Amino acid sequence: MEAYLLNLFILISIYSILGVTLNFIMGYAGIYSLAHAVFFGVGAYAGSFMAMHFNASIFVTLPVAMVAGGLLSLILALPALRVRGEYFVAASLGLQVLAVTIFSEWKGVTGGIGGLIGIPPLDIAGFEIFKPSQFIFVTVVALVIILFIINRLVHSSFGRSLRAIRDSESAAAAFGKNVPLIKTISVVISSALTAVAGVLYASYLSFINVESFMLDTSVLIMAMVIIGGTGTQAGPIVGAALLLILPSLISYLDFLPQTEIGSIQQIIYGLGMALLMIYRPGGIVGRKKHSETGKE
């Protein structure tokens, strides 16, 4: 039971990083992306490739993964963010579909459909981190550092510009904000930090394949943010914990057919998101909006 709980907490920490980084662009800038799993995957593959062929030090794998994630997002963001939000959603969906194909076929880097096996454990200043009791400390520290970085950005002038763009791009542009540049920078930062989760995930499991980085993962991460509460610091963490604990709880219900657990989970996710949108649009952590006054 202890090993199971440690594993669960490690995955919650990793997915919390994914939720927090998506929330940075979705909750504060109003940029909705269906390709977050792509940058998660790029970080995992880039970090694993470096660890397996060159150097497993976290001070090498993390920067390489972050640069790879940031550069890929830049390719997506530069053309897509010059138009309104719905076009970015479409572009991100296209990137997600394309990335799955590349992950599946680029055998020299990704291992193809079979994936990468035998990924070295994290190396921190010569110490290999492979025990769950050690790894949970690393993931929590990474989550805290990323929360700190995003908190500082959100409460800076850059963060105020993001919120202005979220509320009204036209008004932000009228006040002299370079909307495409600000949005592009935010997406690059989000994607680079997302790659950190990829490195941690790959090192922890010591195996990755394309199944972990498909569209349903992007949708799951978005669900974590929406259910937890967009535009809040704790919301994505609450959402990640809830949606990762829920499958375990459902599996203990003997009256449910075990072969249909996956479908039942999807129904619960969808129903939960629909009910939240109706009765609590701000999510579990977010404050309830009062439609009568327009205030929170």
Side-chain angles (χ1 to χ4, degrees), residues 3-24 36-70 72-73 99 103 109-111 115-150 189-214 217-218 220-221 224-225 236-237 239-241 243-245:
Y4 172 78
L5 290 176
L6 280 173
N7 177 69
L8 181 60
F9 286 138
I10 289 169
L11 292 178
I12 288 174
S13 297
I14 292 173
Y15 274 86
S16 292
I17 292 174
L18 295 173
V20 166
T21 51
L22 177 60
N23 183 54
F24 177 62
H36 214 60
V38 173
F39 306 113
F40 180 34
V42 167
Y45 284 120
S48 299
F49 185 82
M50 288 299 299
M52 295 175 73
H53 297 283
F54 298 98
N55 193 322
S57 171
I58 195 171
F59 302 110
V60 174
T61 57
L62 273 186
V64 168
M66 293 176 71
V67 169
L72 179 62
S73 70
F103 291 162
V109 174
T110 67
L116 297 176
I117 302 172
I119 299 169
L122 282 181
D123 183 317
I124 302 178
F127 295 95
E128 290 189 342
I129 308 298
F130 57 89
K131 294 181 180 178
S133 58
Q134 299 170 326
F135 210 91
I136 192 170
F137 176 76
V138 175
T139 56
V140 170
V141 168
L143 174 60
V144 170
I145 292 173
I146 288 174
L147 278 171
F148 175 78
I149 293 171
I150 289 178
I189 292 172
S190 171
S191 302
L193 294 176
T194 299
V196 173
V199 173
L200 296 175
Y201 183 79
S203 298
Y204 175 62
L205 295 181
S206 74
F207 163 77
I208 51 171
N209 68 2
V210 68
E211 295 293 329
S212 298
F213 313 116
M214 300 180 75
T217 301
S218 289
L220 175 63
I221 299 167
M224 290 174 176
V225 176
I237 300 174
L243 294 189
L244 289 179
I245 292 173

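The chain is numbered in sequence order, starting from 1. Just so you know, these numbers come straight off a predicted model, no measurement behind them.
- With sequence neighbours excluded, the residues that form a side-chain contact (heavy atoms from CB on, under 4.5 Å) with I145 are V141, I149.
- Residues that satisfy the ring-ring contact (aromatic ring centres under 6.0 Å, His included) test with F40, not counting sequence neighbours, are Y201, F213.
- In this structure T110 satisfies the side-chain hydrogen bond (donor to acceptor under 3.5 Å, both in side chains) test with no other residue, sequence neighbours excluded.
- To the nearest 0.5 Å, atoms CG (L193) and CG (L22) are separated by 12.5 Å.
- Of all non-hydrogen atoms in S73 and G70, the two that sit nearest each other are OG-O, 2.7 Å.
- Minimum heavy-atom separation, L200 to A142: CD1-CB, 3.8 Å.
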Show every donor-acceptor pair shorter than 3.5 Å between a side-chain atom in residues 44-59 and any protein atom, with sequence neighbours excluded, or say none if there are none.
{"from": "Y45", "atom 1": "OH", "to": "V210", "atom 2": "N", "distance (Å)": "3.3"}
{"from": "S48", "atom 1": "OG", "to": "A44", "atom 2": "O", "distance (Å)": "2.6"}
{"from": "N55", "atom 1": "OD1", "to": "S57", "atom 2": "N", "distance (Å)": "2.8"}
{"from": "S57", "atom 1": "OG", "to": "F59", "atom 2": "N", "distance (Å)": "3.2"}

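- In plain terms, the two heavy atoms of F39 and G69 that are nearest each other are CD2-O, 3.8 Å.
- Among residues two or more places apart in sequence or in another chain, the side-chain hydrogen bond (donor to acceptor under 3.5 Å, both in side chains) test is passed with T21 by H36, T194.
- Minimum interatomic distance between V140 and S13 (heavy atoms only, all atoms of both residues): CG2-OG, 3.8 Å.
- Here the CG-CD1 distance, from L11 to I136, works out to 10.0 Å after rounding to the nearest 0.5 Å.
- Side chain of T139 to main chain of I14: no donor-acceptor pair is present (N/O by atom type, distance under 3.5 Å, no hydrogens or angles).
- Around CZ of F9, the count of heavy atoms belonging to other residues, nucleotides or ligands within 6.0 Å does not exceed 12.
- S203 is linked by a side-chain contact (heavy atoms from CB on, under 4.5 Å) to L122, F135, V199, counting only residues two or more places apart in sequence or in another chain.
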Next on the checklist: I12 vs I245, test: side-chain contact (heavy atoms from CB on, under 4.5 Å). Steps then yes/no.
Outcome noted: CA-CA 9 Å; I12 288 174; I245 292 173; 4.1 Å; yes
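- Of all the heavy atoms in P132 and I10, the pair that sits closest is O-CD1, 3.6 Å.
- Going from atom CG of L147 over to atom CG of L143 covers 4.5 Å, rounded to the nearest 0.5 Å.
- A pairwise comparison of heavy atoms in A195 and A65 identifies CB-O, 3.3 Å as the closest pair.
- With sequence neighbours excluded, the residues forming a side-chain contact (heavy atoms from CB on, under 4.5 Å) with M224 are Y15, L220, A240, L243, L244, listed by chain and number.
- Judged as a side-chain hydrogen bond (donor to acceptor under 3.5 Å, both in side chains), and not counting sequence neighbours, the contacts of Y204 are N7.
- Taking CD1 from I150 and CD1 from I189, the interatomic distance works out to 9.0 Å, rounded to the nearest 0.5 Å.
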